[in-house]
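Both backbone and side-chain heavy atoms feed into the values below; hydrogens, waters and symmetry mates do not. Remember, predicted model here, so these are calculated numbers, not experimental data.
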Amino acid sequence: MGKVSVAVIVSLWVISVSILVNRIVPEPYMDEIFHIPQAQQYCIGNFRSWDPMITTPPGLWGRVHPWFTPWGGPKGPALLNVASALVELVFWANGRKAMKRLYYLSLVHVASLFPSIFIVQAASSFSEVCTTAILRSVNGVLAVLCSIIVYEIITLLRPTLSERKATIFAVVLALYPLHWFFTFLYYTDVASLTAVLAMYLACLKKSYWCSAVLGALAVVIRQTNIVWMLFVACTGVINITLVHTRDNVEENNIYKAIRKTNRATSNDNVTSNSNLRRRKFSNALGTDKQSTPSASFFSANHSSGLLDEVEVILLALWHRKWELLVSFSPFLMVFVSFLAFVHWNGSVVLGAKEAHTVSPHFAQIMYFGLVSALAVAPLHCSIGHIVDLFQSFWKRRPISFFQVLIAVIAGFFSVHFYSIAHPYLIADNRHYPFYLWRKVINAHWSMKYLLVPLYVYSWFSVLSTLGKVQRKIWILAFFLATAAVLVPAPLIEFRYYTIPLYFMILHSHINDYQSWLLMGLIYLALNIFTMTIFLFRPFHWDQEPGIQRFIW
């Protein structure tokens with residue numbers, strides 16, 4: 001088993017379900033009515049076309065570069081476009097014309113499927129193959145690639161995990177309902193997640209320039225990914241500074257132990273012991289660069305906290321400022337380019353700006369906490385975990401009681417003053433959040449307040465699980481990144497939760513094999529239910545012709 005097994009397993013359901021979806025729903029649906037016609041306009045060479053209702057840059061469905069000529073054989077042009085696109089993405093300029101110079105995933109994908117079209121340069125033939133089914137297949141390919149990336153990340157974060165378990169974990173994550181469902185439609189979610197995780201994988205491998213290029217690609221697919229690019233850069237800095245400091249401290253501890261041994265043993269024995277310990281030390285560092293805090297230098301001091309980690313990072317940043325500046329300058333270039341774009345555009349979104357204005361929607365954080373706990377329900381909702389959580393609170397009283405009190409007050413404050421009912425939410429009954437809002441959150445005036453304890457428990461459960469294996473500074477960075485993405489969004493969309501949810505699950509280091517199997521079964525049941533409803537339970541609106549379907 002391994003990444004090949006992951007790719008094969010995911011490909012099996014991607015191919016079979018895609019055939020079923022395209023047979024029953026052959027026409028563009030929901031947001032596809034904007035994305036697919038735009039991609040088809042690019043297919044016929046109309047690069048000046050732009051739908052003002054599209055909010056994201058054309059990262060998923062943009063045009064082919066003028067250099068795309070038949071020389072170099074049928075595969076040469078596609079490889080040329082991919083390579084030049086990656087270079088040009090780093091220097092992403094601002095404005096619509098600059099973004100249209102990017103030659104994006106969909107047309108490269110179509111070109112790889114039908115390379116003979118470009119040998120004769122038949123634009124009309126190219127437009128004929130840009131069908132709804134072919135364009136949807138972009139996300140199918142990306143879903144397989146994403147599962148492989150997830151497997152690689154798991155093996156890097158947890159090098160002691162067996163290949164079999166890593167394969168099962170990657171397959172279960174590929175079944176996550178929001179990610180799984182939009183694999184079969186022409187949405188940006190799968191491409192966005194794939195680009196962000198690929199960026200993170202490159203950063204874990206210390207390929208920072210490559211990571212920044214992939215970060216630029218992620219931003220071109222969805223603008224809010226700039227936050228995740230900054231988060232990935234922060235994790236890179238955290239890993240470099242804290243691991244470097246840990247190495248120095250562990251070396252000093254080893255040398256001190258060797259000097260003590262010198263007083264009690266002969267020189268020969270000391271030499272052999274020293275070499276042995278040095279070998280053990282180097283092996284430990286080589287296999288545990290991404291280790292948990294229990295293996296870090298903070299483990300020697302249980303009282304160390306967030307301020308200690310911040311102090312260590314700041315000192316390391318100062319001593320290695322030039323090295324880190326060179327390593328992470330590509331991220332800075334992309335970030336500055338993004339700020340210039342926002343200044344030029346006057347907003348983060350491109351189209352439909354009036355419907356996507358930045359609003360302080362702090363209740364989103366509450367909703368995400370509950371969704372995250374439910375996504376890993378076999379862990380967070382188990383009796384044993386609940387008992388352990390309350391026992392840990394009791395041991396840390398009264399500080400823990402004060403923390404819970406502050407969290408509950410913040411929760412009530414968020415849902416009372418910063419709970420937004422977006423017009424899209426209350427008017428569109430094709431989405432599941434519509435029914436959750438009407439039947440649960442807004443069922444009674446008191447309901448949103450009664451849910452606050454659940455939100456608070458969910459967040460404490462998530463943070464305590466992360467706290468067992470992650471540094472406090474990492475958890476803070478994750479929380480701030482999640483808040484920066486969700487709080488400004490006035491619309492409740494579970495799709496927005498996918499990327500932070502993946503980061504949370506990947507770094508929770510869930511070891512319970514039974515929990516993973518239960519998660520897989522729950523995800524599978526939800527996927528069967530939602531796809532069955534989508535395909536076989538259509539309905540009609542009196543005020544609008546056409547078939548309507550339920551969607552996440």
Side-chain angles (χ1 to χ4, degrees), residues 3 57 59-60 82-93 102 104-105 142 145-159 170 173 188 190-244 289-291 313 316-317 320-339 341 470-471 473-474 477-478 480-482 484-485 498-500 502-507:
K3 56 186 175 184
L60 180 64
V82 173
S84 55
L86 290 177
V87 174
E88 203 168 343
L89 277 167
V90 184
F91 305 100
W92 178 40
L102 301 171
Y104 310 102
L105 304 176
L142 290 175
L145 177 60
C146 184
S147 65
I148 297 173
I149 293 172
V150 168
Y151 175 86
E152 293 287 345
I153 292 175
I154 291 173
T155 56
L156 276 176
L157 293 177
R158 307 180 65 181
L173 283 177
T188 59
V190 176
S192 176
L193 176 65
T194 304
V196 169
L197 292 182
M199 167 182 61
Y200 184 52
L201 176 61
C203 186
L204 288 176
K205 293 184 175 182
K206 303 190 187 312
S207 300
Y208 300 118
W209 280 86
C210 179
S211 180
V213 170
L214 292 168
L217 175 61
V219 174
V220 172
I221 294 172
R222 182 173 287 174
Q223 297 94 311
T224 52
N225 286 338
I226 190 68
V227 175
W228 296 114
M229 189 202 73
L230 295 176
F231 170 73
V232 167
C234 286
T235 60
V237 172
I238 290 171
N239 287 334
I240 287 178
T241 54
L242 291 187
V243 168
H244 180 263
K289 290 294 184 185
Q290 301 295 335
S291 62
I313 290 174
L317 284 174
R320 306 179 65 186
K321 51 184 176 293
W322 300 118
E323 175 191 347
L324 293 173
L325 182 61
V326 171
S327 297
F328 291 91
S329 58
F331 294 102
L332 184 61
M333 292 165 57
V334 177
F335 181 62
V336 171
S337 298
F338 178 79
L339 293 180
F341 159 72
Q470 299 300 328
R471 301 179 179 95
I473 189 66
W474 188 97
F478 169 75
L480 293 178
T482 303
V485 170
T498 300
I499 292 177
Y502 264 71
F503 275 116
M504 184 268 290
I505 296 177
L506 286 170
H507 289 84

Problem set entry | Atom pair OG1/CG of Thr194 and Leu217 - distance to nearest 0.5 Å | 10.0 Å
Exercise. Would Arg320 and Val237 satisfy side chain to side chain contact (heavy atoms under 4.5 Å, CB included), going step by step from the backbone distance to the final call?
Worked result: CA-CA 11 Å; Arg320 306 179 65 186; Val237 172; over 6 Å; no
Problem set entry | Sub-4.5 Å side-chain heavy-atom contact between Trp474 and Cys234 | no
For this session: Give a yes or no answer on whether the side chain of Ser337 reaches the backbone of Met333 with a donor-acceptor pair at less than 3.5 Å.
Result: yes
Exercise. Closest heavy-atom contact between Ala170 and Ser147?
Worked result: CB-O, 4.1 Å
Problem set entry | Spacing of Ile238 atom CD1 and Leu317 atom CG [to the nearest 0.5 Å] | 10.0 Å
Exercise. Rounded to the nearest 0.5 Å, how far does CE of Met199 lie from CD1 of Ile149?
Worked result: 11.0 Å
Problem set entry | Distance-minimising heavy-atom pair for Ser327 and Tyr208 | O-CB, 3.2 Å
For this session: State the OG1-CZ distance between Thr224 and Arg222, to the nearest 0.5 angstrom.
Result: 6.0 Å
Exercise. Is there side-chain contact between Val485 and Pro500, with heavy atoms separated by less than 4.5 Å?
Worked result: no
Exercise. Are the side chain of Gln470 and the backbone N or O of His507 linked by a donor-acceptor pair below 3.5 Å?
Worked result: yes
Seminar exercise, completed: Across all chains, not counting sequence neighbours, the side-chain contact (heavy atoms from CB on, under 4.5 Å) partners of Ala233 are Phe328, Phe331
Exercise. Got a donor-acceptor contact below 3.5 angstrom from the Tyr200 side chain to the Thr235 backbone?
Worked result: no
Seminar exercise, completed: In this structure, CH2 of Trp228 is separated from OG1 of Thr482 (nearest 0.5 Å) by 3.5 Å
Exercise. CG/Leu197 to CD1/Ile148 distance, rounded to the nearest 0.5 angstrom?
Worked result: 13.0 Å
For this session: Go through the steps to decide whether Leu332 and Val336 satisfy the test side chain to side chain contact (heavy atoms under 4.5 Å, CB included), and finish with yes or no.
Result: CA-CA 6 Å; Leu332 184 61; Val336 171; 4.3 Å; yes
For this session: Apply side chain to side chain contact (heavy atoms under 4.5 Å, CB included) to Leu324 and Thr241, showing your working.
Result: CA-CA 9 Å; Leu324 293 173; Thr241 54; 4.2 Å; yes
Exercise. Below 4.5 Å, heavy atoms only, C-beta onward: do Leu339 and Ile226 meet side chain to side chain?
Worked result: no
Problem set entry | Exercise: identify the closest heavy-atom pair between Ile221 and Ala191 | CD1-O, 3.7 Å
Exercise. With a 4.5 Å heavy-atom cut-off, do Ile154 and Tyr151 have their side chains touching?
Worked result: no
Problem set entry | Distance-minimising heavy-atom pair for Val190 and Leu142 | CG1-CB, 3.9 Å
Exercise. If every non-hydrogen atom of Asn225 is compared with every non-hydrogen atom of Ala218, which pair is closest and at what distance?
Worked result: ND2-O, 2.9 Å
For this session: Measure across Cys203 and Gly236 and return the closest heavy-atom pair with its distance rounded to 0.1 Å.
Result: SG-CA, 3.8 Å
For this session: For residues Phe231 and Val227, determine if any side-chain heavy atom of one lies less than 4.5 Å from a side-chain heavy atom of the other.
Result: no
For this session: Check step by step if side chain to side chain contact (heavy atoms under 4.5 Å, CB included) holds for Tyr502 and Val150.
Result: CA-CA 9 Å; Tyr502 264 71; Val150 168; 4.1 Å; yes
For this session: Mind jotting down which residue pairs meet the salt bridge (Lys or Arg N to Asp or Glu O under 4.0 Å) criterion with at least one end in residues 327-339? Sequence neighbours excluded, please.
Result: none
